[in-house]
**Student:** 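So that we are looking at the same thing, I have put the structure below in structure tokens.
Just so it is clear, the structure is predicted and the values come from calculations on it, not from any experiment. Numbers here simply count residues along the sequence, with the first being 1.
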Amino acid sequence: MIQSIVRGGMAGAAGTTVLNAVTYADMAWRGRPSSDAPAQVVEQIAKDIGYPVPDPEGNLDNRLSGLGALSGIAVGCGTGMAVSVLRRAGARMPWWLGGLATGVLAMAATDLPMARLGVSDPRTWSAKDWTSDVVPHLLYGLVTYGIVTASERSR
């Protein structure tokens, strides 16, 4: 079980690297700004649980930006762990379908909290907005699931 969790975390980290690279390439290509949605989600969750992010030096935006990025890494690694454990439990799919499902799971783990907290409303997103979200998450899923399955075969 521990091996599955570690394998999934490492696969999720690799997938997260791909997701970030594709996102940053899109930002560079189109000249679009980074999203402040992850920072807003972190800020709202911290407030809701009664532990707002401290700001002793007046750098709250920077702290929230860092925490938002770290939350994305946590979601990516955590999703990889969950998928690896599910595979170990018998939920086995072809690589392409498992990759698609993994990408959708990671996308839901980021987009649903944004929508629920009122940070963003996916119903109002343009086709470009959806593409900027779907493509990196799909590639995340394919890489993550591919590494999980490949590392099982190499044992």
**Student:** If you group Ile, Leu, Val, Met, Phe, Trp and Tyr by side-chain heavy-atom gaps below 4.5 Å, do L100 and M93 land in one group?
**Tutor:** yes

**Student:** How would you list all residue pairs meeting ring pair (Phe, Tyr, Trp, His ring centres under 6.0 Å) that involve residues 22-63, not counting sequence neighbours?
**Tutor:** none

**Student:** Going by ring-ring contact (aromatic ring centres under 6.0 Å, His included), name the residues that satisfy it together with W96, two or more places apart in sequence or in a different chain.
**Tutor:**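 Scan of W96 (ring-ring contact (aromatic ring centres under 6.0 Å, His included), adjacent residues dropped) gives none.
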
**Student:** Does V22 belong to the same Ile/Leu/Val/Met/Phe/Trp/Tyr cluster as L19, with side-chain heavy atoms less than 4.5 Å apart forming each link?
**Tutor:**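 Different clusters: V22 never reaches L19 through Ile, Leu, Val, Met, Phe, Trp or Tyr contacts under 4.5 Å.
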
**Student:** Could you walk me through whether K128 and R30 pass the side-chain contact (heavy atoms from CB on, under 4.5 Å) test, one step at a time?
**Tutor:** CA-CA 11 Å; K128 280 185 179 180; R30 293 193 298 144; 3.5 Å; yes

**Student:** Is it the case that over 12 heavy atoms from other parts of the model lie below 6.0 angstrom from the CZ atom of R116?
**Tutor:** no

**Student:** Please check this pair: side chain of S4 against backbone of V85, looking for a donor-acceptor N/O pair closer than 3.5 Å.
**Tutor:**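 Absent.
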
**Student:** The test is side-chain contact (heavy atoms from CB on, under 4.5 Å); show your working for V135 and D26 and say whether it passes.
**Tutor:** CA-CA 10 Å; V135 171; D26 177 51; over 6 Å; no

**Student:** Can you tell me how far NE2 of H137 sits from OG1 of T110, rounded to the nearest 0.5 angstrom?
**Tutor:**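 Spacing of OG1 (T110) from NE2 (H137) equals 3.5 Å.
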
**Student:** So, N20 and T17: side-chain donor and acceptor under 3.5 Å apart, yes or no?
**Tutor:**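 Side-chain D/A pair, N20 to T17: absent.
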
**Student:** List the steps, then state whether side-chain hydrogen bond (donor to acceptor under 3.5 Å, both in side chains) holds for D129 with S132.
**Tutor:** CA-CA 5 Å; D129 295 335; S132 294; 5.8 Å; no

**Student:** Just to verify, what does D36 make a salt bridge (Lys or Arg N to Asp or Glu O under 4.0 Å) with, not counting sequence neighbours?
**Tutor:** none

**Student:** If I compare all heavy atoms of R63 with all of P54, which pair ends up nearest, and what's the gap?
**Tutor:** CD-O, 3.2 Å

**Student:** Looking at Y145 and P94, what are the two nearest heavy atoms and their distance?
**Tutor:** CE2-O, 3.9 Å

**Student:** Heavy atoms only: give me the nearest G15-T144 pair and the separation to one decimal.
**Tutor:** CA-OG1, 3.4 Å

**Student:** For S65 versus A39, what's the shortest heavy-atom pair and its separation?
**Tutor:**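 In terms of heavy atoms, the two residues are closest at N-CB, 4.0 Å.
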
**Student:** May I have the step-by-step check of side-chain contact (heavy atoms from CB on, under 4.5 Å) for Q40 and L117, ending in yes or no?
**Tutor:** CA-CA 9 Å; Q40 291 177 16; L117 293 169; over 6 Å; no

**Student:** Could you tabulate the donor-acceptor pairs under 3.5 Å formed by side-chain atoms of residues 67-82, not counting sequence neighbours?
**Tutor:**
| from | atom 1 | to | atom 2 | distance (Å) |
| --- | --- | --- | --- | --- |
| S71 | OG | G68 | O | 2.6 |
| T79 | OG1 | V75 | O | 2.7 |

**Student:** With sequence neighbours excluded, tell me which residues meet ring-ring contact (aromatic ring centres under 6.0 Å, His included) with W95.
**Tutor:** none

**Student:** According to a hydrophobic-cluster definition based on side-chain heavy atoms being under 4.5 Å apart (Ile, Leu, Val, Met, Phe, Trp, Tyr only), do V41 and M107 belong together?
**Tutor:** yes

**Student:** Please check if L97 and L138 belong to a single hydrophobic cluster, counting links between Ile, Leu, Val, Met, Phe, Trp and Tyr side chain heavy atoms closer than 4.5 Å.
**Tutor:**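 Looking at the clustering, L138 is in the same group as L97.
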
**Student:** Using the side-chain contact (heavy atoms from CB on, under 4.5 Å) rule, pick out the option among T102, V18, L105 that qualifies with Y140.
**Tutor:**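 Option passing the side-chain contact (heavy atoms from CB on, under 4.5 Å) with Y140: T102.
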
**Student:** Do V83 and I5 share a hydrophobic cluster (ILVMFWY, side-chain heavy atoms under 4.5 Å, transitive)?
**Tutor:** no

**Student:** Work out which heavy atom in V148 is nearest to a heavy atom in R7; give both atom names and the distance.
**Tutor:** O-CD, 3.7 Å

**Student:** Quick one: side chain to side chain donor-acceptor pair (under 3.5 Å) partners of T23, sequence neighbours excluded?
**Tutor:**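 Once residues adjacent in sequence are excluded, T23 has no partner under the side chain to side chain donor-acceptor pair (under 3.5 Å) criterion.
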
**Student:** Please test W125 against S120 for side-chain hydrogen bond (donor to acceptor under 3.5 Å, both in side chains), starting from the C-alpha separation and ending with a verdict.
**Tutor:** CA-CA 9 Å; W125 292 0; S120 182; 2.8 Å; yes

**Student:** For a quick test of reading the model, state the closest non-hydrogen atom pair linking T149 to G146 and the distance between them.
**Tutor:**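 Taking T149 first and G146 second, the nearest heavy atoms are OG1-O, 3.0 Å.
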
